[in-house]
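Side-chain atoms are counted along with the backbone in the values below, which use heavy atoms only and exclude waters and symmetry mates. Below, chain A is the first sequence line, B the second, and so on; all start at residue 1. Please read all numbers here as calculations on a predicted model, not as lab measurements.
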Amino acid sequence: MTTPISAKIPTPANSYEAGKPVMTDLNGQTLLCLRTLAEENPASLETYIKLGGYSALKRIVSEKTKATDIITQVKTSGLRGRGGAGFPTGLKWSFMPRYFDGVKYLVCNSDEGEPGTFKDRDIIRYNPHQLIEGMAIAAYTLGARVGYNYIHGEIWQDYEIFEAALHEAKAAGYLGENLFGTNFCFDLYAVHGYGAYICGEETALIESIEGKKGQPRFKPPFPASYGVFGKPTNVNNTESYASIPWIMQHGGEAFAALGVPNSGGTKLFSVSGHVGKPGNYEVKMGTPFTELLEMAGGVWKGRKLKAVIPGGPSTPVMPASAIMGATMDYEGLSKARSSLGAGSMIVMDETTCMVKALHRLSYFFYEESCGQCTPCREGTGWVYRVITRIVNGKGKMEDLDLLTDVSNNISGRTICALGEAAATPVLSFIKHFRPEFEYYIQHGKSMVESQIDAVVDGKAEPK
Amino acid sequence: MLSPQAIEKIDYELTKYPADQRIAAVMSALRIVQTERGWLSKESITDVSQYLRIPEIAALEVAGFYNMYDLSPVGQYKITVCTNISCMLRDSDEIVDHLKAKLGVGFNEVTADGKFCLKEGECMGACGGAPLMTVNNHTMHEFLTPEKVDAILEELK
Ligand SMILES: Cc1cc2nc3c(=O)[nH]c(=O)nc-3n(C[C@H](O)[C@H](O)[C@H](O)COP(=O)(O)O)c2cc1C
Ligand code: SF4
Ligand code: FES
């Protein structure tokens with residue numbers, strides 16, 4: 001691949017420059033955010049530097065590259081927020097007030113806790129320095145003096161890896177005061193959650209950093225004007241920041257060229273559930289679903305694919321027939337009537353009972369609603385109780401319309417998007433698998449249970 | 001009274017925030033004290049709030065909001081199994097059943113000898129390693145099988 005380096009961004013003065021993007025191929029992946037993965041000691045500073053790490057930061061800071069030029073590159077790259085909403089990162093950066101009398105903050109959202117999402121964890125434990133460099137470049141661009149990376153509490157061992165990487169980076173002169181002999185200063189800290197999905201929502205996360213309950217704030221004001229400690233704050237996802245060093249090394253156009261129109265670059269897909277090799281796969285945007293499924297070892301135990309939730313439970317479930325022809329990018333999945341979300345593919349084979357799967361998801365949203373808004377608090381509880389009734393064999397046909405109604409009434413009437421996220425699985429599961437719900441209500445048991453005996457699994461007794 | 005070790009750790013966390021924002025360290029402070037004492041008693045909450053010079057209710061609210069804080073005793077080892085969708089698809093229910101049978105307790109119960117407590121967890125952001133569980137919040141065990149669970153329990157005994 002040839003790399004058009006944009007005229008505005010000077011070529012880095014090291015061996016990884018012009019036309020030689022560092023992309024490691026590991027079993028057909030295109031490793032960019034996880035580019036250290038093929039190395040022996042992927043998380044070490046030494047490895048990262050060997051692959052050209054911190055060269056973009058050093059060049060930008062030493063040459064005093066103009067912030068507007070960096071933002072232009074990020075816009076050109078087509079990078080869209082990897083936290084789920086897909087908001088263009090360059091555009092978001094342009095909202096930060098340029099001049100502000102006081103400290104501005106930079107926040108990284110590593111709180112992934114949406115079921116099926118576990119990609120940021122691998123960036124943190126296998127390539128922490130790329131995230132640090134990306135945040136430092138963002139801090140330089142946006143004039144942020146202090147940064148926080150908020151890490152999901154349950155991946156504690158990875159939190160400690162990141163803390164260690166921060167100390168390493170600071171000792172090596174990539175964080176702290178007067179970096180590279182200039183007046184650029186940036187302090188970056190790791191902070192942790194402790195078991196609350198809602199803290200992934202950016203304003204809840206900000207509240208949590210401030211030492212409060214993680215309850216989302218009304219927007220506006222947006223974090224860009226009123227964020228951490230009431231100061232202008234930029235919030236991005238881990239993978240968004242981790243993409244930045246590569247973009248600044250090779251230019252926005254090179255990044256855009258890796259993907260497809262409107263979806264630049266590579267994307268980490270967390271593939272979980274019924275596949276042979278669950279895990280993260282970093283591939284080019286626009287990769288066909290079938291290719292990704294194959295990389296992940298195909299459907300578990302050679303069974304038949306039934307459905308896929310392509311981007312985490314807040315994206316509509318897709319029946320096998322709908323996803324088989326889809327490509328993994330923003331437009332590819334929206335054309336197939338779902339959405340890329342955070343790239344959290346939950347694969348379900350023919351042995352999955354959709355009623356029970358929805359039951360578990362409805363419990364999750366009920367349990368994790370922060371309770372501030374009545375439609376969300378009451379609605380998620382109501383939905384959970386009705387599905388529980390169905391699962392217990394006491395459902396009524398009217399329940400399906402009731403579930404649809406209640407879910408429609410949560411959406412759009414809440415402070416944050418959790419309400420809508422809770423409604424999406426209910427609406428899409430019933431839409432695509434209605435006969436299965438009806439069967440359960442009529443027979444008081446799962447349609448799948450009666451079919452499963454036929455499946456060679458060893459779990460069910462033969463009839 | 002906080003131990004000198006706890007104070008040292010909390011002081012480190014305080015360096016991450018502006019001097020007038022001691023409250024921001026409450027998440028870490030509660031975590032540090034809980035790790036040391038096993039769970040968060042009323043007295044622990046008081047200790048944390050006094051050290052941070054914040055209202056006790058502020059610390060209590062935080063401790064009550066986040067699932068990984070324990071406001072009642074959880075035995076020596078708290079085992080939390082994720083049962084959310086990706087883990088469920090990888091048969092986390094078998095792991096739960098196995099643990100229940102082996103320990104003789106249900107969710108949120110502590111074994112008679114005070115050693116183990118079983119909890120149901122939400123997605124831990126590690127679904128690729130399903131089924132999985134944490135021990136005392138900070139140690140994760142992935143790709144569980146009943147045999148692997150037995151080995152882990154044996155080591156904790
Ligand atoms: C309920 C809820 C949970 C969320 N969880 C996460 C999360 O775990 N990680 C994340 O990056 N964004 C999450 N988001 C989106 C964030 O609010 C925010 O849009 C994102 O961090 C911005 O970063 P990006 O533009 O780089 O994607 C969540 C949003 C909602 C409503
Ligand atoms: S929508 Fe739900 S989670 Fe979001 S603020 Fe309202 S009650 Fe809380
Ligand atoms: S669903 Fe169990 S860790 Fe995510």
Side-chain angles (χ1 to χ4, degrees), chain A residues 103 110-118 120-122 146 148 152-158 160 187 189-197 199 208-215 229 270-274 278-280 300 309 313 344 346-349 352 356-357 360-361 363-364 367-368 370 459, chain B residues 12-13 15-18 20-31 34-35 52 54 58-59 61-70 80 82-94 119-130 132-134 136-140 142-143:
Chain A
V103 174
S110 298
D111 193 41
E112 55 184 2
E114 173 141 327
T117 318
F118 50 95
D120 299 336
R121 177 192 191 198
D122 277 2
V146 176
Y148 295 109
H152 198 58
E154 281 95 340
I155 49 166
W156 186 257
Q157 287 140 311
D158 307 310
E160 293 189 326
D187 291 316
Y189 304 106
V191 294
H192 63 81
Y194 227 50
Y197 163 62
C199 288
S208 187
I209 292 176
E210 294 179 353
K212 302 178 195 146
K213 291 190 285 185
Q215 290 188 318
F229 306 127
S270 304
V271 189
S272 69
H274 292 151
N280 284 308
W300 204 21
I309 299 176
S344 327
I346 304 169
V347 177
M348 294 175 273
D349 71 22
T352 313
K356 287 182 184 159
R360 185 60 184 85
L361 287 175
Y363 175 74
F364 168 69
E367 160 77 22
E368 298 295 325
C370 86
K459 265 172 76 183
Chain B
Y12 166 68
E13 298 299 328
T15 63
K16 299 177 178 178
Y17 308 101
D20 61 349
Q21 297 288 347
R22 292 176 66 89
I23 187 172
V26 70
M27 296 272 292
S28 310
L30 290 170
R31 183 251 310 158
Q34 172 168 296
T35 306
L52 294 180
I54 61 172
E61 262 190 5
V62 167
F65 186 83
Y66 298 88
N67 291 334
M68 290 165 73
Y69 297 115
D70 298 301
T80 314
C82 174
T83 60
N84 211 314
I85 183 119
S86 299
C87 289
M88 170 182 157
L89 295 170
R90 301 299 286 203
D91 303 327
S92 58
D93 56 335
E94 282 179 7
K119 295 259 176 189
E120 182 167 28
E122 290 303 331
C123 179
M124 301 187 180
C127 336
L132 51 87
M133 67 186 199
T134 54
N136 289 344
N137 289 337
H138 297 163
T139 309
M140 186 178 280
E142 300 173 76
F143 305 104

Measure distances from A:Glu112 to the heavy atoms of chain B and classify the residue's part below 4.5 Å as side chain, backbone, both or neither.
-> both
Chain A contact via B:Ala130 - side chain, backbone, both or neither, heavy atoms under 4.5 Å | neither
Between A:Gln157 and B:Thr139, does a side-chain contact (heavy atoms from CB on, under 4.5 Å) hold up when you go through it step by step?
-> CA-CA 7 Å; A:Gln157 287 140 311; B:Thr139 309; 3.9 Å; yes
Between A:Tyr194 and B:Phe65, is there a donor-acceptor pair closer than 3.5 Å when you use the side chain of the first and the backbone of the second?
-> no
Side chain, backbone, both or neither: which part of A:Val103 has an atom under 4.5 Å from a heavy atom of chain B?
-> neither
Who among B:Arg22, B:Met140, B:Arg31 has the most heavy-atom pairs with chain A under 4.5 Å?
-> B:Arg31
Salt-bridged, A:Glu154 to B:Lys119, with N to O below 4.0 Å?
-> no
B:Asn84 and A:Phe364: which non-hydrogen atoms are nearest, and at how many Å?
-> ND2-CD1, 3.2 Å
Considering all heavy atoms of both residues, which atom of A:Val191 and which atom of B:Lys16 are nearest to each other, and what is their separation?
-> CG1-CD, 4.4 Å
One should read off an interatomic distance between B:Glu122 CD and A:Tyr363 OH, to the nearest 0.5 angstrom, of 6.0 Å
Between the SG atom in B:Cys123 and the CD atom in A:Glu368, the distance rounded to the nearest 0.5 Å is 9.5 Å
Who pairs with B:Ser86 by side chain to side chain donor-acceptor pair (under 3.5 Å), at least two apart in sequence or on another chain?
-> A:Ser272
Heavy-atom closest pair, residues B:Tyr66 and A:Lys213 = OH-C, 3.6 Å
Could you give me the CA-CA distance, side-chain angles and deciding distance for A:Glu210 and B:Ile23, then say whether side-chain contact (heavy atoms from CB on, under 4.5 Å) is met?
-> CA-CA 7 Å; A:Glu210 294 179 353; B:Ile23 187 172; over 6 Å; no
Contact class of B:Gln21 relative to chain A, heavy atoms under 4.5 angstrom | side chain
Chain A contacts, top residue of B:Val62, B:Asn67, B:Ile54 (heavy-atom pairs, under 4.5 Å) | B:Asn67
Heavy-atom proximity to chain B below 4.5 Å, by part of A:His152 = side chain
If you round to the nearest 0.5 Å, how far is CD of B:Glu13 from NE2 of A:His192?
-> 6.0 Å
Output the option from B:Pro18, B:Ala25, B:Cys82 having the highest count of non-hydrogen pairs under 4.5 Å with chain A.
-> B:Pro18
Mind listing the closest non-hydrogen atom pair of B:Ile85 and A:Pro115 along with its distance?
-> CG2-CB, 3.6 Å
Might you point out which heavy atoms bring B:Leu89 and A:Trp300 nearest each other, and give the distance in Å?
-> O-CZ3, 3.8 Å
Check each atom of B:Ser28 against the heavy atoms of chain A and say whether the ones under 4.5 Å are side chain, backbone, both or neither.
-> both
Do you know which two heavy atoms are closest between B:Met27 and A:Ser208, and how far apart they sit?
-> CE-OG, 3.7 Å
Partners passing side chain to side chain donor-acceptor pair (under 3.5 Å) against B:Glu120 (at least two apart in sequence or in another chain) | B:Thr83
Sort A:Tyr197 into side chain, backbone, both or neither according to what part of it lies under 4.5 angstrom from a heavy atom of chain B.
-> neither
Max heavy-atom pairs within cutoff under 4.5 Å with chain A, candidates B:Ala59, B:Gly121, B:Gly128, goes to B:Gly128
Closest-packed option against chain B by number of heavy-atom pairs under 4.5 Å, given A:Ala196, A:Gly273, A:Gly193, A:Ser344 = A:Gly273
Mind telling me whether B:Tyr17 and A:Phe229 have parallel, tilted or perpendicular rings, with 30° and 60° as the class edges?
-> perpendicular
Below 4.5 Å from any heavy atom of chain B, which atoms of A:Thr352 appear? Answer side chain, backbone, both or neither.
-> side chain
Please determine, among A:Gly279, A:Cys370, A:Ala357, A:Pro313, the option with the most heavy-atom pairs under 4.5 Å with chain B.
-> A:Ala357
